[in-house]
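Single-structure report; data block below.
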Amino acid sequence: MPKNKKPAGGRAQNFEPRYGKKTSYQDAKRRPGQSSAGTPGSKSPSHRGYRPESDEAPRKNRWSAQERAGRDEARGIRSQARDVRGPRDDRAPRDDRRSDAAGGRRPYEAQPRGDRRTFGDARPSYRDDRPRRDFSDRPNRDDRPRRDDRPARSFDDRPRRDDRPARSFDDRPRRDFGDRPNRDDRPRRDFGDRPARDDRPRRDFGDRPARDDRPARSFDDRPRRDFGHRPNRDDRPRRDDRPRRNDGPSRSNWAAETAAKAHQDHVDTVHERLQAEAVDAASVAQASFGDLGLGENIVRQLEALGAASPFPIQAATIPPILEGKDVLARGRTGSGKTIAFGAPLVESILRSQAGKRREFGRSPKALILAPTRELALQIDRTVQAIARSVGLFTTQIYGGVPQARQVGALKKGVDIIIGTPGRIEDLQNQGKLDLSEVQIVVLDEADHMSELGFLEPMQRILRLVQDGAQKLLFSATLDREVAALVDEFLVEPAVYEVAGESQDTSTIDHRVLVLDHRDKAEILNSLVDRDGKTLVFSRTRAYAEMLAEQFEDVGIPAVALHGDLNQAKRTRNLQRLTDGKVRVLVATDVAARGIHVDDIDLVVQADAPDEYKTYLHRSGRTGRAGRTGTVVTLVTRQRRRRMTEMLERAEIDAPFEDVRPGDDLLEEISGRQLSNVDA
DNA sequence: AAAAAAC
C-alpha cells in the first residue's frame with residue numbers, strides 16, 4: 001500500500017465539526033403531515049407515538065452533525081467546542097454503544113418485532129431499541145425545551161416560492177455555443193482561441209483524430225487507457241526527474257489499456273498529464289501541510305480533523321491549486337480528495353480577502369458542487385471546519401429542504417458555497433445567490449457531473465461564474481467524460497493522480513457470488529446478519545426499500561437510502577449508519593459516490609452495477625484511508641459473462657464462487673470482518 | 001433503464 005503511508009490520519013474526511021450551541025430550530029424536519037406534531041410523545045408503549053421518558057435526555061443527539069452545522073450556520077453561531085463526541089474519537093466508543101443499542105447480533109428469528117412497520121415514516125415498531133426514531137421527523141418535540149431560547153422557525157420561507165420566478169431553461173446562456181461547431185469535434189475547437197494552448201503541452205488536440213473514430217462516447221472504457229497513446233509523451237521530460245512514475249503500477253495498466261483501446265482522444269491528453277504529476281505527488285509525500293503552503297490555522301485544523309500529514313493526492317494538488325491553476329485530479333476512493341481541494345481553496349480565499357473586511361451580505365467567493373445532497377453535506381463538514389479556523393463562512397445550498405435558512409445565510413454573507421446544482425441554480429435565478437464574485441469552483445465527482453442529466457446544469461452554472469475563475473475537477477474515476485466541461489471552462493489544466501494506485505494495491509477484497517435468483521433473498525439475509533457495518537446496493541429505489549424491509553422482517557435492523565425518501569429521512573438514515581444505530585443500510589447509487597462512513601467493512605451489491613465506474617465507487621465505500629474491506633457482488637449465472645467483462649474494465653480480480661443458502665462461504669464472508677468470534 | 005438533481 002504505497003499511498004497509504006499514514007493510515008493513521010486516515011479518516012480525515014469523516015470528522016465532525018464542532019457544533020456551536022445547538023438551537024432548537026427544527027422546522028426543516030417537521031413535516032406537514034405529521035400526525036403527532038405539537039404533542040409530546042405518548043406514554044403508552046403500544047401507541048404509535050410512544051416515547052419512553054428515558055429517551056428524553058439523550059435524544060438531543062439525534063440531530064445529525066450536518067443539521068446542527070447547518071442550523072448554526074444559519075444563525076451565525078460560532079462553534080463552541082461543545083462537541084458531544086469528538087471529531088473522530090467517537091468511532092471507537094461507538095462500536096460499543098452499538099452493540100448495546102442494537103442488542104448485539106441476533107438471529108433473524110430472534111428479533112421480537114412489534115407490529116409490522118406501517119409504512120409512512122415510522123417504522124418504529126420493530127425496533128424496540130429505537131423508539132424515538134419516529135420522532136426524528138419532528139425534532140421539535142424532543143428538544144422542545146430549547147424552543148424557549150429560540151423561537152421555532154416555521155416554514156416562513158415557503159411563501160416565497162410563489163414569488164419565485166419560474167426557472168426557464170430556455171434562457172440558458174449556452175446559446176453562445178451555437179457558434180461553436182464543436183459539439184461534434186468539440187474539444188479542440190475551444191482551444192483554438194485560447195492562448196493557453198500554446199504552453200499547454202499535454203493537450204493533444206492535434207492528434208485528436210481519434211475523436212472521429214470514436215463517435216459515441218462510451219463510458220465503459222476507463223480513462224486511463226488513454227494514457228497509452230497520449231502524445232504527451234513530449235512533456236514527459238519531467239518523468240526523468242520523477243522516478244516514481246515508473247513504479248506506478250497504474251501507469252503500466254494504462255499503457256496496456258491504451259494499446260487495447262487507442263480510440264480514445266483528447267481525454268487521453270488529460271490523463272497523461274495526470275501521470276506526470278502523479279510522480280510529483282509521491283515525491284512530495286514527505287512534505288507537511290505547512291510546507292505545501294497552507295497557513296498555520298488551517299494546518300492546525302487539519303490536524304484536529306485527523307489529517308496530520310498530507311496524503312499523496314493532497315501533496316500533489318495543494319501547491320498547484322494555491323498557485324491558481326485549473327486542476328484535474330484523480331485519487332481513488334477514500335484517498336482524501338475533500339481535503340485535497342478544500343484546504344487550498346480556503347487558503348486561497350483567505351489570501352484573496354486579506355486586509356478586507358468581512359462585509360455583511362458579501363457574495364460567495366468559492367463554489368463547491370456535488371452530485372448528491374448527502375455528499376454536499378459531508379463536504380461541508382470538512383470544509384466548514386477548515387474555513388472557520390480562519391474566519392471564513394460556508395453554507396450549504398441543496399434541495400429537499402426549505403430555502404429560508406439558506407437564503408438567510410446568503411443574506412448575511414458567506415464565503416464558500418457547497419451544494420447541489422438544482423438549488424444553486426434555483427436561488428441564482430431568484431436573484432438570491434450571486435455567483436459573479438466566485439473565484440474558485442470545485443466539481444467533486446466531476447465525471448459524474450458531466451453525465452447526461454448533470455452536464456447542462458453544470459454548464460449553466462459555470463457560465464454564471466466569471467471567466468477567470470479557477471476550476472478544480474476531482475473524481476476517483478476522472479476520465480474523458482469531463483472533456484465537455486474541460487474544453488469550455490478550464491485553461492491549461494494541470495492533471496494529477498497518485499502513482500501506484502492500482503486496484504492491486506487496494507485494501508479491498510473483491511468477490512463475486514454466483515447464485516440462483518430464487519436463493520437471493522436468503523443469501524442476502526445471511527450476508528448482512530453480522531456485526532460490522534454493511535452497505536447494500538440495489539439498482540432501484542423500490543428494491544432498496546424492499547430489501548430494508550426484508551432484513552427487518554428477519555430481525556436485522558436496516559434502513560434505506562434513496563431518492564424516494566424525503567431529505568429528512570435520507571439524512572437521518574445515513575446518520576443512523578454513521579452512528580451505528582443500525583448496521584445495515586440499503587441504498588441506491590445515491591450513496592455510491594463520495595459518501596464516507598467509517599467502518600463499513602462489507603459492501604454487498606444485491607444488483608450488480610452496469611458500469612465499471614459504478615462498481616469502483618460503490619466498492620469505495622469500504623476500504624477507506626487504507627482500511628480493509630470486502631465487496632461482494634451477487635450475480636445469476638446468466639450474468640457471469642457481463643460481470644467478468646466489467647471487472648476487467650475496472651481492473652479488479654475477483655474470484656467467482658457458486659453459492660447456495662447455508663453455505664459456509666456466506667458465513668465466512670459475513671463474519672470474517674471485525675471482531676468476529678465464530679472464526 | 002435507473003438514479004440523481006428544484007419545486
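Residue numbers begin at 1 in each chain, while the letters A, B, ... track the order of the sequences.
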Phosphate-side-chain proximity, [X] and [N], N/O vs OP1/OP2 below 4.0 Å:
X        : N     : result
A:Thr540 : B:dA1 : no
A:Arg593 : B:dA4 : no
A:Arg539 : B:dA1 : no
A:Arg570 : B:dA5 : yes

>> A:Glu445: which residues meet the side-chain hydrogen bond (donor to acceptor under 3.5 Å, both in side chains) condition with it, sequence neighbours left out?
In response: A:Arg593
Expressed in angstrom and rounded to an integer, what is the separation of [X] atom [atom1] from [N] atom [atom2]?
X        : N     : atom1 : atom2 : result
A:Met458 : B:dA4 : CE    : C1'   : 13 Å
A:Ile424 : B:dA4 : CD1   : P     : 18 Å
A:Asp589 : B:dA2 : CG    : P     : 13 Å
A:Gln396 : B:dA5 : CD    : C1'   : 16 Å
A:Leu452 : B:dA5 : CG    : C1'   : 13 Å
A:Arg642 : B:dA1 : CZ    : C1'   : 11 Å
A:Gln428 : B:dA5 : CD    : P     : 20 Å
A:Arg460 : B:dA5 : CZ    : C1'   : 11 Å

> So A:Lys520 and A:Asp607, salt bridge (Lys or Arg N to Asp or Glu O under 4.0 Å) or not? Walk me through it.
Replying inline: CA-CA 10 Å; A:Lys520 193 168 178 179; A:Asp607 288 317; 3.3 Å; yes
>> Looking only at the side chain of A:Asp610 (C-beta and beyond, no hydrogens), which of the listed nucleotides B:dA3, B:dA1, B:dA4 gets closest?
In response: B:dA1
>> Can you tell me if A:Arg637 has over 12 outside heavy atoms packed within less than 6.0 Å of its CZ?
In response: yes
>> Classify A:His562 by what it touches in the nucleic acid, base, sugar-phosphate, or nothing, heavy-atom distance under 4.0 Å.
In response: sugar-phosphate
>> For a quick check of understanding: with a heavy-atom distance under 4.0 Å over all strands, which category does A:Gly563 fall into, base, sugar-phosphate or nothing?
In response: sugar-phosphate
> Judged by modelled atom types alone, do A:Gln567 and A:Thr571 share a side-chain donor-acceptor pair under 3.5 Å?
Replying inline: yes
> For A:Arg639, what residues pass the salt bridge (Lys or Arg N to Asp or Glu O under 4.0 Å) criterion, not counting sequence neighbours?
Replying inline: A:Asp610
